[in-house]
Amino acid sequence: MHVFEQLESPSASPDYLGCPFVATAFELKNKHPASVVARQFKDVLTDFFRKEARRGGAHDPDLLARQLTVAFDGSSSRAVVQDQSLGGLAVATATALLDSAGMA
């Protein structure tokens with residue numbers, strides 16, 4: 001939850017640009033070396049979520065890790081596209097995913 005709580009705060013800033021790794025991959029596409037680095041960072045984030053999901057006893061840690069990565073990237077992107085704070089949306093989404101995965 002800490003990751004999503006930390007995502008909420010900067011989203012309220014008018015200077016918030018979202019996740020730099022998502023922006024890089026989006027702008028430069030698949031084969032560019034910077035996109036490869038961005039993808040590697042996202043893989044590290046997913047691996048972190050997977051490890052924590054296993055520790056927390058999730059029913060399917062691999063699925064939950066991918067879902068949490070999508071929620072993180074989607075929340076970050078939404079804040080930029082809508083030019084507004086997440087207002088708790090990232091935390092609420094992560095909470096719902098954790099609950100459905102059997103992690104109270």
Side-chain angles (χ1 to χ4, degrees):
M1 286 308 302
H2 181 74
V3 172
F4 290 91
E5 291 166 355
Q6 294 305 304
L7 177 61
E8 292 278 352
S9 183
S11 77
S13 169
D15 298 328
Y16 182 66
L17 300 175
C19 176
F21 300 103
V22 171
T24 297
F26 180 77
E27 289 293 326
L28 299 176
K29 307 298 184 253
N30 299 333
K31 303 295 183 205
H32 192 281
S35 289
V36 173
V37 171
R39 188 170 22 263
Q40 289 170 343
F41 177 85
K42 288 300 172 179
D43 289 344
V44 168
L45 180 63
T46 303
D47 289 343
F48 168 77
F49 287 146
R50 184 178 299 107
K51 178 182 168 190
E52 293 301 308
R54 281 189 187 118
R55 279 186 28 179
H59 302 304
D60 187 342
D62 294 327
L63 175 61
L64 179 58
R66 292 190 316 270
Q67 290 172 324
L68 290 170
T69 302
V70 168
F72 182 91
D73 291 346
S75 295
S76 174
S77 297
R78 185 186 191 288
V80 172
V81 170
Q82 297 299 322
D83 192 25
Q84 59 184 249
S85 168
L86 290 168
L89 185 60
V91 169
T93 302
T95 300
L97 290 170
L98 293 171
D99 286 348
S100 71
M103 297 178 63

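Scanning both residues, V80 and L17, for their nearest heavy atoms gives CG2-C, 3.4 Å. Between A25 and S35, the shortest heavy-atom contact is CA-OG, 3.7 Å. Shortest non-hydrogen contact noted between G87 and E8 is N-OE1, 3.4 Å. Smallest separation of non-hydrogen atoms from R50 and A65: N-CB, 3.4 Å.
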| What's the verdict on side chain to side chain contact (heavy atoms under 4.5 Å, CB included) for F4 and L68, showing C-alpha distance, side-chain angles and the deciding distance? | CA-CA 9 Å; F4 290 91; L68 290 170; 3.9 Å; yes
R78 and Q84: CA distance, side-chain angles, deciding distance, side chain to side chain contact (heavy atoms under 4.5 Å, CB included) verdict = CA-CA 8 Å; R78 185 186 191 288; Q84 59 184 249; 3.8 Å; yes
Margin query: Test side chain to side chain contact (heavy atoms under 4.5 Å, CB included) on V22 and K42; report intermediate values, then the result.
Written below: CA-CA 8 Å; V22 171; K42 288 300 172 179; 3.8 Å; yes
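The closest side-chain heavy-atom distance from L64 to L98 is below 4.5 Å. Contact of the F48 side chain with the V3 side chain is registered, since non-hydrogen atoms from C-beta on lie closer than 4.5 Å. Using a 4.5 Å heavy-atom threshold, the side chains of D62 and R54 count as touching. The side-chain heavy atoms of L86 and V91, taken from C-beta on, include no pair separated by under 4.5 Å.
Clustering ILVMFWY residues whenever any of their side-chain heavy atoms sit less than 4.5 angstrom apart, transitively, puts L97 in the very cluster that holds M1.
Atom CZ of F49 sits about 11.5 Å away from atom CD of Q67, to the nearest 0.5 Å. In this structure, the separation between CE on M103 and CZ on R55 is 9.0 Å, given to the nearest 0.5 Å.
A side-chain N or O of S76 and one of Y16 form a donor-acceptor pair less than 3.5 Å apart.
Taking the ring centroids of F72 and F41, they lie at or beyond the 6.0 Å cut-off.
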